Asker: 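Let me begin by handing over the structure; questions about it come next.
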2 protein chains.
Amino acid sequence: MAANSRFAVAVHALSMLAVHKDERQTSRDIAGSVATNPVVIRRLLAQLARAGIVESTHGAKGGFRLAKPADRVSLHDIYKAVEEGAFFVQHEKRNEKCPLACRMQKILAGVFARVESKVLPELKRTTLADLVGEIGLPA
Amino acid sequence: MAANSRFAVAVHALSMLAVHKDERQTSRDIAGSVATNPVVIRRLLAQLARAGIVESTHGAKGGFRLAKPADRVSLHDIYKAVEEGAFFVQHEKRNEKCPLACRMQKILAGVFARVESKVLPELKRTTLADLVGEIGLPA
DNA sequence: CATACTGTAACCATTGTAGTCACATATTTC
DNA sequence: GAAATATGTGACTACAATGGTTACAGTATG
């Protein structure tokens with residue numbers, strides 16, 4: 001893995017929990033499906049646990065499960081939990097003495113806000129349950 | 001600068017060219033406003049030149065200018081020129097023997113495509129001229 | 001020819017992410 | 001209670017992307 005695939009991996013892992021909603025899944029199980037290291041999964045799911053999306057139990061027969069029904073977990077919840085910040089980033093330095101540079105800051109903020117206002121509703125509308133529905137029948 | 005601010009810097013630089021549309025701007029001029037190194041600007045504008053968005057001339061009195069009117073340069077054109085790939089990225093590895101993992105690929109692709117279908121029209125609709133219009137009157 | 005530009009290679013520093021090992025802690029099972 | 005099985009997390013390595021910088025070849029102007 002090279003690029004930032006945290007969101008994709010999170011959705012994959014959570015879909016797995018949603019499909020097997022009656023058994024706990026271990027980080028090893030999930031890592032097996034995602035083809036990565038269990039520690040990577042534990043770190044990612046730790047963030048999702050802090051966001052109230054999953055629950056974990058230690059010890060034998062332990063593992064992870066969803067903390068709420070799949071139709072109450074939106075992609076936006078997941079995104080917020082695992083990715084920080086916005087889709088676009090401004091350059092933080094600029095020449096404060098340049099009038100254009102100073103105005104660009106607000107203009108770019110406006111552009112980014114407009115784009116985000118298109119994306120967020122789509123992410124909020126889609127839930128884990130929708131994705132699981134697309135899978136067809138669970139294994 | 002830490003994060004990926006190429007798109008923001010590109011918009012900043014191009015706005016500058018749009019505002020001063022009768023004089024060529026040098027990479028040094030632009031770097032002065034953006035507060036970065038001229039080479040960084042030249043590298044970025046070289047990509048925009050390949051995309052047909054700016055033109056450059058070498059030598060004394062040389063520099064950069066827009067290759068077409070500001071109302072014919074959309075933010076989408078700029079984005080395509082300076083950022084590669086999509087907004088979201090999938091994890092490329094997965095357990096090919098796991099039925100869920102295999103289906104996740106298509107499901108994620110669908111999700112990402114839906115989000116993109118919300119973003120692209122917004123980027124295509126907005127032009128450099130729109131941004132320059134927001135600046136108020138040029139210096 | 002001197003000057004003033006772009007284009008680009010080369011290199012360094014920084015940062016973010018993934019991957020890995022190790023281990024403290026918690027829970028179940030026997 | 002001891003053994004087995006989990007999570008949570010610190011520490012470390014490897015790697016890729018980005019930005020910043022220096023240097024220089026090529027090119028246009030006057």
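All values derive from a computational prediction rather than experimental measurement. Just so we're on the same page: letters track the sequence lines, and every chain starts at 1.
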Asker: Considering only distance and modelled atom types, tabulate donor-acceptor pairs under 3.5 Å from the side chains of residues 104-119 of chain A, sequence neighbours left out.
Answerer:
{"unit_1": "A:R114", "atom_1": "NH2", "unit_2": "B:E134", "atom_2": "OE2", "d": "3.2"}
{"unit_1": "A:S117", "atom_1": "OG", "unit_2": "A:R114", "atom_2": "O", "d": "2.7"}

Asker: Between protein and nucleic acid, restricted to nucleotides 9-12 of chain C and to nitrogen or oxygen atoms under 3.5 Å apart, what atom pairs and distances do you find?
Answerer:
{"unit_1": "C:dA10", "atom_1": "N6", "unit_2": "B:R43", "atom_2": "NH1", "d": "3.1"}

Asker: For B:R28 and C:dC5, what is the distance between atoms CZ and P respectively, to the nearest whole Å?
Answerer: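 From B:R28 CZ to C:dC5 P: 8 Å.
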
Asker: Please tabulate, for side-chain N and O atoms in residues 49-57 of chain A, each donor-acceptor pair with protein atoms closer than 3.5 Å (sequence neighbours left out).
Answerer:
{"unit_1": "A:E55", "atom_1": "OE1", "unit_2": "A:R65", "atom_2": "NE", "d": "3.1"}
{"unit_1": "A:E55", "atom_1": "OE1", "unit_2": "A:R65", "atom_2": "NH2", "d": "3.3"}
{"unit_1": "A:T57", "atom_1": "OG1", "unit_2": "A:R24", "atom_2": "NE", "d": "3.4"}
{"unit_1": "A:T57", "atom_1": "OG1", "unit_2": "A:R24", "atom_2": "NH1", "d": "3.3"}

Asker: If I take atom CG in residue A:N37 and atom C1' in nucleotide D:dT9, what distance separates them, rounded to the nearest angstrom?
Answerer: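 That distance rounds to 13 Å.
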
Asker: Return the value, rounded to whole Å, for the distance between atom CD1 of A:I41 and atom P of D:dT9.
Answerer: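 These atoms are roughly 16 Å apart.
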
Asker: Figure out the NZ/P separation between A:K93 and D:dT18, and round it to whole Å.
Answerer: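 Between P of D:dT18 and NZ of A:K93: 17 Å.
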
Asker: Start with the C-alpha gap between A:H91 and B:T36, add the side-chain angles, then the distance that decides, and say whether side-chain hydrogen bond (donor to acceptor under 3.5 Å, both in side chains) holds.
Answerer: CA-CA 10 Å; A:H91 47 308; B:T36 184; over 6 Å; no

Asker: Do you reckon A:L44 sits in the same ILVMFWY cluster as A:V39, going by side-chain contacts under 4.5 Å, direct or chained?
Answerer: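 Looking at the clustering, A:V39 is in a separate group from A:L44.
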
Asker: Among residues 48-67 of chain B, which ones have heavy-atom contacts with DNA chain D below 4.0 Å?
Answerer: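 Listed by number, they are B:H58, B:G59, B:A60.
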
Asker: Angle class for the B:Y79/B:F87 ring planes (parallel below 30°, perpendicular above 60°, tilted otherwise)?
Answerer: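 Geometry flag for B:F87 against B:Y79: parallel rings.
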
Asker: How long is the line joining CZ of A:R6 and P of C:dA18, in whole Å?
Answerer: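 Atom-to-atom, A:R6 to C:dA18, this comes out as 6 Å.
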
Asker: Taking atom P of C:dA18 as reference, at what distance in whole Å does atom CZ of A:F7 sit?
Answerer: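 Taking atom P of C:dA18 as the reference, CZ of A:F7 is at 14 Å.
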
Asker: Check whether any side-chain N or O of B:H12 sits under 3.5 Å from a backbone N or O of B:A8 as a donor-acceptor pair, and report yes or no.
Answerer: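 No; zero donor-acceptor contacts below 3.5 Å.
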
Asker: How close or far is atom C1' of C:dG19 from atom CG of A:N4, stated in whole angstroms?
Answerer: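 It works out to 15 Å between those atoms.
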
Asker: OP1 or OP2 of C:dA18 sitting under 4.0 Å from any side-chain N/O of A:T36?
Answerer: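 Result: no.
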
Asker: Taking the side chain of A:R42 as its heavy atoms from C-beta onward, which of C:dA18, D:dT7, D:dG19 lies nearest to it?
Answerer: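 The listed nucleotide nearest to A:R42's side chain is D:dT7.
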
Asker: Please determine whether a side-chain nitrogen or oxygen atom of A:S5 lies at a distance below 4.0 Å from atom OP1 or OP2 of C:dA18.
Answerer: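 It does, given that an N or O in the side chain of A:S5 lies less than 4.0 Å from OP1 or OP2 of C:dA18.
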
Asker: Which pairs pass salt bridge (charged side-chain N to carboxylate O under 4.0 Å, His left out) with one or both residues in residues 28-49 of chain A, sequence neighbours excluded?
Answerer: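 Checked against salt bridge (charged side-chain N to carboxylate O under 4.0 Å, His left out) - neighbours excluded - no pair reaches residues 28-49 of chain A.
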
Asker: Which comes earlier along DNA chain D counting from the 5' end, the contact point of B:E83 or that of A:Q25, where each point is its nearest nucleotide?
Answerer: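 The residue closer to the strand's 5' end, by nearest nucleotide, is A:Q25.
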
Asker: Taking side-chain hydrogen bond (donor to acceptor under 3.5 Å, both in side chains) as the test, write out the residues that go with A:Q47, two or more places apart.
Answerer: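 If we apply the side-chain hydrogen bond (donor to acceptor under 3.5 Å, both in side chains) test to A:Q47, skipping adjacent residues, the hits are A:R6.
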
Asker: What integer distance in Å separates A:L44:CG from C:dG16:P?
Answerer: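 Checked: the CG to P distance equals 17 Å.
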
Asker: Surrounding NZ of B:K61 (heavy atoms of other residues, nucleotides or ligands, distance under 6.0 Å), is the total greater than 12?
Answerer: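 Not buried by this count: 12 neighbours or fewer within 6.0 Å.
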
